[in-house]
Each structure stands twice: as C-alpha cells, then as structure tokens.
Amino acid sequence: MSTASLAAGSDAAPNEMAHPANWKPIKEVGLLDLPALYLSLSKAKLASQVVLTAMVGYAMAPGALSIPTLFWASAGTALCVACANTVNQWIEVPFDAQMSRTKTRVLVRGAVE
C-alpha cells in the first residue's frame with residue numbers, strides 16, 4: 001500500500017502494509033524455551049569468562065582458601081554479570097534493532113519482554 005492511497009482515504013488498515021522481504025513472524029515462546037533465552041540474554045559465554053577470572057583472582061589471593069567462600073563469590077559474580085549484561089541489552093534495544101549483527105537478540109525480537 002502506498003502513501004498516496006492512504007492519503008486518498010483507502011479502506012485498508014495501516015497495519016496491512018507490506019512487510020520487508022526478510023520479515024518472519026515471531027515464534028510463540030514456550031516454557032521450555034525460556035532457559036535458552038535467558039542464557040542468551042545474560043550472555044553466558046562472556047559471564048563465564050568473568051566468573052573464571054574472579055575465581056582465579058580469589059585462588060591467587062594470600063591466605064587460606066575457603067571452598068564455600070569461593071562458591072558464593074563465584075555465584076554472586078555470575079548473578080552480577082548476568083544482570084549487567086541484561087540491563088545493557090535492555091538499554092540498547094533501539095540501537096541493536098538497527099544493526100545486522102545484533103538484530104536477532106532476545107529483546108530486539110520480542111521473545112522476552
């Protein structure tokens with residue numbers, strides 16, 4: 001539908017406009033899809049590298065090594081990194097939607113709101 005036909009008072013609704021050639025409908029998200037979506041949202045590969053770095057730093061520190069402290073420090077670091085990555089993706093949705101490398105991210109696609 002062209003702009004001229006809209007201006008002329010066409011009976012077609014504006015949301016019936018032609019979609020771009022690469023348009024695909026959004027797949028319905030099920031309960032089994034959520035863990036993979038949340039891992040993608042938190043950028044799990046990047047987060048695991050940050051957690052590993054924190055674990056090595058704790059292990060190299062002088063003093064006694066406490067396994068429970070290492071575990072809880074690693075868990076806290078993982079949660080902080082996942083949260084930071086999620087907030088970053090939430091803030092950058094308008095920009096990610098414009099770049100071909102990032103236009104398939106979870107929030108840009110609307111898979112998780």
Smallest separation among heavy atoms of Asn85 and Ser42, with atom names:
ND2-O, 2.9 Å

For a quick test of your reading: what N or O donor-acceptor pairs under 3.5 Å do the side chains of residues 87-101 make, sequence neighbours left out?
residue	atom	partner	partner atom	Å
Gln89	NE2	Leu41	O	2.8
Asp96	OD2	Arg105	NH1	3.2
Gln98	NE2	Pro94	O	3.4

Atom CG of Leu32 with >12 non-hydrogen neighbours under 6.0 angstrom:
no

Please list every donor-acceptor pair under 3.5 Å in which a side-chain atom of residues 50-63 meets a protein atom from a residue at least two apart or in another chain.
residue	atom	partner	partner atom	Å
Thr53	OG1	Gln49	O	2.8
Tyr58	OH	Ser66	N	3.4

Distance-only, no hydrogens or angles: does the Ser74 side chain make a donor-acceptor pair with backbone N or O of Leu70 under 3.5 Å?
yes

Linked, directly or transitively: Leu107 and Leu34 (ILVMFWY side chains, under 4.5 Å):
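Yes, Leu107 and Leu34 fall within the same hydrophobic cluster.
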
